[in-house]
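Heads up, the thing below is written out as C-alpha cells.
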Amino acid sequence: MSFYFAIVGTKDNPIYEAEFGTSKQGGDGVARFREEQRSMNQFIVHSSLDIVEEVQWATPTMLYMKCVDKFNNLQVSCFLTAGNIKFLLLHDQKADDAIRQFFTDVYDLYTKTLMNPFYEVDMRITSGVFDGKVKQAAKKYL
Amino acid sequence: MQRGDSLNSPFVPFSPNPSIQQGTPTSTPPLKHTLSSSTSSNLRYSSSRKSIYDRHLNRSQRSELSKASFAFLFGEMVQYAQKRVNGIADLEKKLNLHGYSIGQRLLELLLWREGRSAKRETRILGILQFITTTVYRSIFNKPADGLEKSRDNEDEYMLIDNDPMVNSYISVPKEMSQLNCAAFVAGIIEAVLDGCLFPGRVTAHSVPTEQLPAKTVFLIKFDDSVIERESVLVVTRAL
C-alpha cells in the first residue's frame with residue numbers, strides 16, 4: 001500500500017511532496033509505485049484540485065474532506081486548512097481514521113512552519129526537520 | 001564545509017529569499033544562537049538542537065504581553081515606515097502590509113487551536129463574526145464593539161472599535177489628520193479574509209464622537225466575486 005502526499009498552496013503550486021509506503025503489517029515503509037504510475041501521481045492529484053474547489057463551498061465545512069476523487073483504483077483524500085492550503089493524499093485503500101490523524105499531525109507541522117516569520121505563504125518547504133517529522137507521522141499512522 | 005554535507009544534515013536553515021526555492025542554503029546566515037565556531041561554515045545550529053517543530057503551539061495561548069513593549073515596538077514600526085514613504089496613503093499601505101503577514105499566521109493558529117471541531121467559514125456573516133469575536137479576542141482580549149452592514153452598498157461592511165489599542169500611544173500631527181495607524185489592524189483583518197477566500201480591501205477610518213474620541217471604523221469592501229458566490233450559496237442552501 002503506497003501513498004503519495006502533496007501540499008498545494010493557494011496558487012495551485014506544490015509546496016511539498018513525499019512518497020511513502022505503509023509500515024503496518026510487515027510493510028517496510030517504502031513506496032511501491034510502478035515507474036509509469038509515479039509520473040501519473042502528480043497529474044491525478046492536480047486534477048483533483050478542481051473537485052476540491054467545488055466541494056469546499058458545500059456544507060458541512062469541516063477541515064477534513066475525506067475522499068474527493070477516484071481514479072482507476074486510486075483515491076484522493078483532501079484536508080483543507082484555514083488559509084486555503086490543500087493537503088492531498090493519494091492512496092489505494094480506504095483508511096479514513098488513520099488518514100485523518102495523519103492530516104492532523106501534518107497540519108500541526110505546517111502551522112509551526114508558518115509561524116516562522118521568514119516563511120511566507122506559498123513558499124516551498126525545504127526543511128529537513130519538516131521532512132523527517134512528516135515521514136515519522138506517516139510511519140505512525142499509515 | 002561542503003554544501004553537500006549541509007544538505008544531508010537535518011538543520012538546513014530556511015531560505016529567507018523566496019526566489020531561492022530549491023533547498024540549497026543561501027550564503028546569508030540565519031540569525032540563530034550559536035556556540036560552535038562559525039569561521040568555516042555559514043550554517044549555525046541552535047546549541048540545544050531544538051527546532052521550531054519542538055515548541056508547542058499552545059505555549060503562547062495564555063501568555064500576555066505588556067502594553068508598553070507593544071507600544072514601543074509599534075511606535076518604532078510607524079517611524080520606520082514613515083522614513084520610507086512619501087504620503088499618507090503609502091504609510092497606511094505599509095502598515096497594512098505589516099499587519100497582513102500577522103493575519104495570515106493568526107488565522108491558521110486560531111483554527112488549529114479549535115481542535116477537532118474546527119470549521120471553515122464559507123459565508124460572509126460567518127467570517128465576520130469569526131473576526132469580531134475570536135480574532136479580536138485573541139489579540140486584544142475583548143471582542144470588537146460592533147459590526148454593521150452598509151445600507152448604501154451591498155459589498156460594504158463596517159467593524160467598529162471604540163478605542164483601538166494600537167492607537168493609544170500614537171499622536172498624529174494636525175497636518176496628517178487623515179492618518180489612522182489602525183491600518184495595521186486593518187491589515188490583520190484583510191489577511192484573515194483573504195485566507196478564507198473573501199478577497200477585498202479593508203481600510204481604517206477615524207470617526208471621533210463626543211464620548212469616544214478614538215472611535216475607529218474598519219470599512220470592509222468585498223470583491224464582486226464574493227458577493228456573487230454568496231448569492232449562489234444562499235440559493236443552493238435554500239433549495
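In what follows, every chain begins at residue 1, and chains take the letters A, B, ... in the order their sequences are listed.
At a threshold of 4.5 Å between non-hydrogen side-chain atoms, the residues Thr81(A) and Leu111(B) do not count as touching.
For the pair Arg120(B) and Gln56(A), the tightest heavy-atom approach, listed with the atom from each and the gap, is NH2-O, 2.6 Å. Scanning both residues, Tyr53(B) and Leu109(A), for their nearest heavy atoms gives CE2-O, 3.5 Å.
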Evaluation steps, side chain to side chain contact (heavy atoms under 4.5 Å, CB included), between Asp108(A) and His56(B): CA-CA 9 Å; Asp108(A) 179 55; His56(B) 201 272; over 6 Å; no
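The backbone N or O of Gly83(A) lies less than 3.5 Å from no partner atom in the side chain of Gln104(B), so there is not a single donor-acceptor pair. In this structure, the side chain of Arg105(B) engages the main chain of Asn116(A) through a donor-acceptor pair within 3.5 Å. Remark: the backbone N or O of Arg55(B) is paired with a side-chain donor or acceptor of Lys112(A) at under 3.5 angstrom.
Distance check, rounded to the nearest 0.5 Å: CH2 of Trp112(B) to CE of Met115(A) gives 10.0 Å.
Of the atoms belonging to Ile85(A), it is side-chain heavy atoms, and not backbone ones, that fall under 4.5 Å from chain B. Proximity to chain B is limited to the side chain of Tyr110(A), based on heavy atoms less than 4.5 angstrom apart.
Around the CZ atom of Phe70(B), the shell of radius 6.0 Å holds more than 12 heavy atoms that belong to other residues, nucleotides or ligands. Shown here is Glu64(B), whose CD atom has no more than 12 heavy atoms of other residues, nucleotides or ligands within 6.0 Å. The environment of NZ in Lys94(A) is sparse: at most 12 heavy-atom neighbours from other residues, nucleotides or ligands sit within 6.0 Å. In the displayed structure, Glu154(B) atom CD is contacted under 6.0 Å by at most 12 heavy atoms of other residues, nucleotides or ligands.
Among Thr10(A), Thr104(A), Leu80(A), the residue making the largest number of heavy-atom pairs under 4.5 Å with chain B is Leu80(A).
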